[in-house]
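Counting convention: from 1, in listed order, for ligands and their atoms alike.
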Amino acid sequence: MRNPLSLVQTYKMTNHKITVAIDGHSSCGKSTIAKALAARLGYAYIDSGAMYRAVTLYAMRYKLVNSGNVKVQELIGVLTEIKIEFKYNPSTQKSETYLNGENVEDEIRQLTVSQNVSPIAAIPQIREAMVQLQKEMGKNKGIVMDGRDIGTVVFPDAELKLFVTARSEIRAKRRFDELTNKGETVSLADILHNIEERDRIDSTREASPLRKAADALILDNSNMNQEEQLDWVMRKVRERLEGNF
Ligand code: DC
């Protein structure tokens, strides 16, 4: 008799879990897809970019970065004093970022943090520390993590890898709407410049540059809404799961 439960339901009831690695360009909606996918699968979601943003916020507060100029050795020297955690907030139903015990979820999304984060994320010692934490978080699988090096460095053996992208003008408009809705006064041109600049630095840096893993599937969501993307990704998840039943 055919199993009356959907494959995903059946899958949730077993202990077999996969790892989903989502990489791609800045502001292309990776985290939106990753969050929705994690919720659908009952998996943990980790936003690895939030970790680099939290380190950046710390550096900004202690004047270890200014206009993209980082006091690299000083920042590396205080790395052990930077504690980053994620805690689930039942009222917002979101996992939120904590820096040394303080909820910094909103602050790390500000444009000033975005403007300083790329050079900090390019420092090899900082990447090593973050990657170690990320591997630890994913050691039992059942995780969806998004970032720039998840499929290439953090989880090279992930069962499903996605590389998400969209045209930069579309990405800038989406981020502009998001920040404006939060009450931030920003210019579309500044955001577009920031996105293209981050893409450039992320893709050309020496330490773990952004690149598509050989076995990652490309998802260009320029002309897709969130529901279409989730359907697309769920089909890919199902294909992976079918291989296990
Ligand atoms: O995804 P995001 O825009 O919040 O990421 C912030 C910055 O951190 C981005 O400019 C690139 C960097 N990053 C990275 O280098 N590696 C990751 N795994 C995630 C983010």
Practice task
State the atoms of ligand 1, each with its element, that fall below the 4.0 Å cut-off from a heavy-atom position in S118.
Solution key: 10 (O)
Exercise for the section: Please indicate whether R109 has more than 12 foreign heavy atoms, meaning atoms of other residues, nucleotides or ligands, lying under 6.0 Å from its CZ. Expected result: yes
Practice task
Give the atoms of ligand 1, by number and element, whose distance to some non-hydrogen atom of G147 is under 4.0 Å.
Solution key: 17 (C), 18 (N), 19 (C)
Practice task
Using distance alone, determine whether R109 and ligand 1 share an N or O pair under 3.5 Å.
Solution key: no
Completion exercise
Per-atom filter on ligand 1: closer than 4.0 angstrom to a heavy atom of Y52 are 8 (O), 13 (N), 14 (C), 16 (N), 17 (C), 18 (N), 19 (C), 20 (C)
Problem - Test: R171 and D199 ion pair at under 4.0 Å - result: yes
Problem - Separation of I150 CD1 from K135 NZ (nearest 0.5 Å) - result: 10.0 Å
Practice task
Flag S26 as yes when one of its N or O atoms lies below 3.5 Å from any N or O atom of ligand 1, and as no otherwise.
Solution key: no
Handout entry: Residue and atom name of the nearest protein heavy atom (relative to atom 20 (C) of ligand 1), distance in Å to one decimal
Key = G49 CA, 3.5 Å
Exercise for the section: Using heavy-atom distances, let me know which of V117, I46, V113 sits nearest atom 7 (C) of ligand 1. Expected result: V117
Practice task
Would you kindly say whether S48 and R148 are connected by a side-chain donor-acceptor distance under 3.5 Å?
Solution key: no
Handout entry: atom 13 (N) of ligand 1 - nearest protein heavy atom and its distance
Key = R148 CG, 3.6 Å
Exercise for the section: Give the contacting part of R127 toward ligand 1: side chain, backbone, both or neither, where contact means a heavy-atom distance below 4.0 Å. Expected result: side chain
Completion exercise
Near A121 (heavy-atom distance under 4.0 Å), the atoms of ligand 1 are 12 (C), 15 (O)
Problem - Lys/Arg N to Asp/Glu carboxylate O, R61 vs E102, below 4.0 Å - result: yes
Exercise for the section: Report the part of R205 in contact with ligand 1, treating N, CA, C, O as backbone and CB onward as side chain, heavy atoms under 4.0 Å; options are side chain, backbone, both, neither. Expected result: side chain
Exercise for the section: Examine D47 against ligand 1 and note whether any of their N/O atoms are separated by less than 3.5 Å. Expected result: no
Fill in the blank from the handout: The protein heavy atom nearest to atom 19 (C) of ligand 1 is S48 OG, 3.3 Å
Problem - D47 bridged to K30 by N-O distance under 4.0 Å - result: no
Fill in the blank from the handout: D202 heavy atoms within 4.0 Å reach ligand 1 at atoms 9 (C), 10 (O), 11 (C)
Exercise for the section: Check each heavy atom of M130 against ligand 1 and say whether those closer than 4.0 Å belong to the side chain, the backbone, both or neither. Expected result: neither
Exercise for the section: Return yes when atom CD of E184 has more than 12 non-hydrogen atoms of other residues, nucleotides or ligands closer than 6.0 Å, and no otherwise. Expected result: yes
Problem - Protein residue, atom and distance nearest to atom 4 (O) of ligand 1, heavy-atom basis - result: R53 NE, 2.6 Å
Handout entry: Sidechain N-carboxylate O distance under 4.0 Å for E105, K94
Key = no
Handout entry: Other residues, nucleotides, ligands: >12 heavy atoms within 6.0 Å of D231 CG
Key = yes
Practice task
Can you spot which of Q115, M60, E74 makes a side chain to side chain contact (heavy atoms under 4.5 Å, CB included) with V65?
Solution key: M60
Completion exercise
Checking heavy atoms under 4.0 Å, the part of R198 that sits near ligand 1 is side chain
Practice task
Decide yes or no for M130 and Q134: does some side-chain heavy atom of the first lie under 4.5 Å from some side-chain heavy atom of the second?
Solution key: yes
Practice task
Would you check the N or O atoms of Q134, main chain and side chain alike, for any that come under 3.5 Å of an N or O of ligand 1?
Solution key: no
